[in-house]
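It should be emphasised that the depicted structure is a prediction, and the values quoted were computed from it without experimental measurement. The chains referred to below are lettered A, B, ... by the order of the sequence lines, with proteins before strands, and numbering in each begins at 1.
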Amino acid sequence: MPLQLNVLERLCAASGVSGREDAVRGVITELLPAGAQHSVDPLGNLIVRKEGARAGAKAVMLCAHMDEVGLIVTDIHDTGDVSFAAVGGVDTRAYLGKQLFVGQARIPGVIDLKAVHLLEGDEKNIIPHTASLRLDIGCDSRAEAEALVRRGDFICFSPTFQAFGEGYIQGKAIDDRIGCLLLLTLLREELPYDMLAVFSTNEETGVGAARTAAFTCAPDYALVAETTTANDLPGTEGAARVCLLGGGAVVPFMDQGTVYPRALYERAMQIAARENIPAQTKTKIAGGNDAKSITAARGGIPTLTVSVPCRGLHSPSVVMKQSDAEASLRLLRSLWKELSAE
Amino acid sequence: MELDSILFLLCAAPGVSGHESGAAETAAELLRQLCDSAETDALGNVVGKIGDGETPPVLLEAHLDQIGFVITAIEAEGFARITPCGGIDRRVLCGQEITLLGNEHVYGVIPADAPHLKDENAGKALPADAILVDTGLSQKDAALKLPLGSRAVFRTPPARLGKHRVAAPALDNRAGVCALLRCMELLQGRAHVPVNVLLAAQEETGGAGAAAAAFTAGAAEALVVDVSFAQGQGVSAPDAQGRLGGGAMVGFSPALDHRMSEQLCDLAERNSIAFTREIMGGRSGTDADRIQTAGRGVPCALLSIPLRNMHTPVEIVDLRDIEATAQLLAAYILAKGGEA
């Protein structure tokens, strides 16, 4: 089944800052194929099972996280503006000068900045500290602001989704709604074996709720469908590029969260070579994902990650290439089949 | 006239200094409905006129151009290298969506640095010579569609913020243009003095448009409308003397005509129009600096609309301040014609 970009757009448009994944879970639940059984565990993970032609010899848990990075309202001031903190790894540069939305009612806001004309010396080149910044929601007083937003409301990037150039896509929260789409796509196919898919919560905060889903499901293997940082810009050479857009599915041998089982890594690369699936590895030990949480669940679960390379991860404008997502889909499908049949 | 819809139209039309045609077409179309005539001159200024054409007119001016970028190179893998055209706040550039105005409009994104790499750029604004735009095109196609020297603008759509505010790119100075259009609507059939409306090109790059058009107009006096700094978090007087929702800022400076400034304050008080005084020690840094020295010299007044986040894609104004500015301008013109 080909990737459906309109479904990705819908997934990315949903607000799902870590801990408030409800809207994303709602969209995914609606998109599940007939015959799929689903349940929600105590931490909000969506666990989906669909029967195939028969049970596999081994249970393989597919996993993609639903949550996205964002901000959270920490205080409301007499002046009607709002203080906030980051949720997950968000660089301040990602949200300066951007349209933001507060809470389920999507109240629009932007960060106030001292005009560049009034900055002295090197101030023009320095990004202000988060604690000194305020979100402007167009209110003149605390009372006016409190009628619109509350402390603890999450703040989301603007959902600007755009296909552009030759097969590229830009959007917020592609990390990891593209992973969610890959799992949904597989679930909707004719399946040779029973399939187990987990849409997890709280990945970006490091809570790693995927661990409890892995406890519940007790699989023999896990495959994480993710995104990873590509740094392939003009002027960056060699290993510093990490991985490339257009280079296919990314299979890391190690990142900052996980040392992957060598046998699984090599198996993935062999499948890619055998089936002519574009694949690459990461040339820098960076990032981490749910594999870390799943690997250490129960008595230990061998886990591998297959990622779509992305530019601008954790920003409102993540860029990916459609062909890389298609390669990731093929590699995930083949790996899942092989591991299930063992 | 719905101020917000006019403002959204104006802000969405591209018009980077020296290439104002997109914004000029949109503004001229609107101005034509409110004036006897509206034309675009050789420098790209839009000029609307009402009155006999013999008596020296009162000149109402707002600059039409906006800050933006110019394409300086096409790099490997279809990345366009751009550099600021006007004083852009480079702290906000990471991850911005851009429209590249080449042979056709091309979509692009300035890549954001992912925090995972903890790179040496963290905490720093993007240098002016390091701004890349991801076009997703091959280098060959990008070069074909995007001749060097083409302009580029932020793609952020205008948005309402709360009850009265708008956040958008190019509010500097489409907010001023909007105030002049609203003023002309208020004056429909009521102005007894000739008025020229000048929507000037190239303010952000030095004010050549206003200087030339002011000479051509041969005006008796000029009222310039621009934006100025609004107070906010960490921004207070004397740097910023205006307040969002505080009304028009009436400029007082050695370079402005103090009788006109005082008269504007009197008229505001008499007509209950919200205003504040903005005091400057020298030149105003607006087109008034160029207009006053045009020809034999033109006495100038300056009205400013308070604005936050100047030279970013999310500049903020309060619609009530645009309305107050338009009301005050109209009161001035009506007073010239003998109406109190």
Side-chain angles (χ1 to χ4, degrees), chain A residues 79-81 89-94 96-99 108-118 124-128 132-134 136-140 144 148 160 162 164-168 170 228-229 231-235 242 256 284 286-287 310-319 321, chain B residues 75-79 81 87-97 107-117 119 122-125 127 130 132 134-138 141 156-157 159-165 167 229 232-235 239-240 244-245 307-314 316:
Chain A
T79 39
D81 48 14
V90 188
D91 190 307
T92 307
R93 291 172 295 171
L96 296 183
K98 311 297 193 309
Q99 291 180 346
V110 305
I111 307 293
D112 281 340
L113 279 175
K114 189 173 190 176
V116 62
H117 313 63
L118 303 175
K124 282 183 181 143
N125 296 314
I126 295 171
I127 304 299
S132 71
L133 294 170
R134 299 280 177 85
D136 189 330
I137 54 169
C139 293
D140 290 324
E144 200 185 330
L148 297 177
T160 58
Q162 182 77 36
F164 71 104
E166 290 159 14
Y168 290 79
Q170 179 280 137
T228 193
T229 287
N231 194 31
D232 56 341
L233 305 181
V242 189
Q256 287 187 326
K284 183 169 179 172
C310 291
R311 297 175 185 142
L313 224 53
H314 292 197
S315 83
S317 26
V318 182
V319 171
K321 196 166 188 190
Chain B
E75 304 272 353
E77 291 157 56
F79 279 84
R81 192 175 287 277
I88 283 192
D89 188 339
R90 290 178 287 100
R91 296 173 299 171
V92 306
L93 294 180
C94 280
Q96 290 291 356
E97 294 180 89
Y107 175 92
V109 185
I110 300 177
D113 289 316
H116 311 74
L117 301 179
D119 63 313
K124 292 183 202 152
L132 292 166
D134 190 347
T135 66
L137 297 170
S138 67
D141 274 3
T156 314
R160 289 293 297 253
L161 211 58
K163 275 191 216 124
H164 302 294
R165 292 179 200 166
F229 308 113
Q233 165 72 356
V235 189
D239 284 346
L244 291 180
L307 178 138
R308 279 186 188 154
N309 292 348
M310 201 179 287
H311 291 192
T312 74
V314 290
I316 300 172

Q. Using a cut-off of under 4.5 Å for heavy-atom pairs, which of Leu307(B), Leu93(B), Asp134(B) has the most such pairs with chain A?
A. Asp134(B)
Q: Against chain A, label Pro157(B) side chain, backbone, both or neither, depending on which of its atoms sit under 4.5 Å from a heavy atom there.
A: both
Q) Can you tell me how far the NZ atom of Lys114(A) sits from the CD atom of Gln233(B), to the nearest 0.5 Å? A) 10.5 Å
Q: For Glu75(B), enumerate each residue passing the side-chain hydrogen bond (donor to acceptor under 3.5 Å, both in side chains) test, keeping only those at least two apart in sequence or located in another chain.
A: Arg81(B)
Q: Over all heavy atoms of both residues, which pair between Phe79(B) and Asp232(A) is shortest? Give the atoms and the distance, please.
A: CE1-O, 4.4 Å
(Q) Is Ile137(A) close to chain B through its backbone or its side chain, or both, or neither, when contacts mean heavy atoms under 4.5 Å? (A) backbone
Q.
For chain A, which candidate among Leu244(B), Asp239(B), Asp141(B) shows the most heavy-atom pairs at distances under 4.5 Å?
A. Asp239(B)
Q. Side chain, backbone, both or neither: which part of Leu132(B) has an atom under 4.5 Å from a heavy atom of chain A?
A. side chain
Q) Short question: side chain of Asn125(A), backbone of Lys124(B) - any donor-acceptor pair under 3.5 Å? A) no
(Q) Is Val318(A) in contact with chain B via its backbone, its side chain, both, or neither, using a 4.5 Å heavy-atom distance? (A) neither
(Q) For the interface with chain A, which of Ala159(B), Gly136(B), Gly78(B) has the highest count of heavy-atom pairs at distances below 4.5 Å? (A) Gly136(B)
Q.
With chain B as the partner, which of Gln162(A), Lys321(A), Lys124(A), Glu144(A) has the greatest number of non-hydrogen pairs under 4.5 Å?
A. Gln162(A)
Q) Sequence neighbours excluded, which residues qualify as side-chain hydrogen bond (donor to acceptor under 3.5 Å, both in side chains) partners of Ser317(A)? A) none
Q | Structural part of Ile111(A) lying under 4.5 Å from a heavy atom of chain B | A | backbone
**Q.** Gap between atom CZ of Arg91(B) and atom CD1 of Ile126(A) - 0.5 Å precision
**A.** 10.0 Å
(Q) Once rounded to the nearest 0.5 Å, what's the spacing between atom CD1 of Ile110(B) and atom CZ of Arg311(A)? (A) 14.0 Å
(Q) Taking every non-hydrogen pair under 4.5 Å, which of Asp81(A), Thr92(A), Leu233(A) racks up the most with chain B? (A) Leu233(A)
Q) Do Asp136(A) and Arg165(B) come close enough that some side-chain heavy atom pair is under 4.5 Å? A) yes
(Q) Given heavy-atom pairs under 4.5 angstrom as the criterion, report whether the side chain, backbone, both or neither of Val110(A) touches chain B. (A) both
Q. Do we see a donor-acceptor contact under 3.5 Å between the side chains of Gln170(A) and Glu97(B)?
A. yes
Q) How long is the gap from CG on Leu96(A) to OG1 on Thr312(B), to the nearest 0.5 Å? A) 9.5 Å
Q) Can you say whether Ser132(A) sits under 4.5 Å from chain B via the side chain, the backbone, both, or neither, judging by heavy atoms? A) backbone
Q: Against chain A, label Tyr107(B) side chain, backbone, both or neither, depending on which of its atoms sit under 4.5 Å from a heavy atom there.
A: both
Q: Below 4.5 Å from any heavy atom of chain A, which atoms of Ala76(B) appear? Answer side chain, backbone, both or neither.
A: backbone
Q. Of all of Leu137(B), Asn309(B), Thr135(B), Asp89(B), which one pairs up most often with chain A through heavy atoms under 4.5 Å apart?
A. Asn309(B)
(Q) Is Pro108(A) in contact with chain B via its backbone, its side chain, both, or neither, using a 4.5 Å heavy-atom distance? (A) both
Q.
Applying side chain to side chain contact (heavy atoms under 4.5 Å, CB included) to Asp112(A) and Ile316(B), what does each step give before you reach the verdict?
A. CA-CA 9 Å; Asp112(A) 281 340; Ile316(B) 300 172; 3.6 Å; yes
Q: Sort out for me which of Cys310(A), Ala115(A), Gly165(A), Ala94(A) touches chain B most, counting heavy-atom pairs under 4.5 Å.
A: Gly165(A)
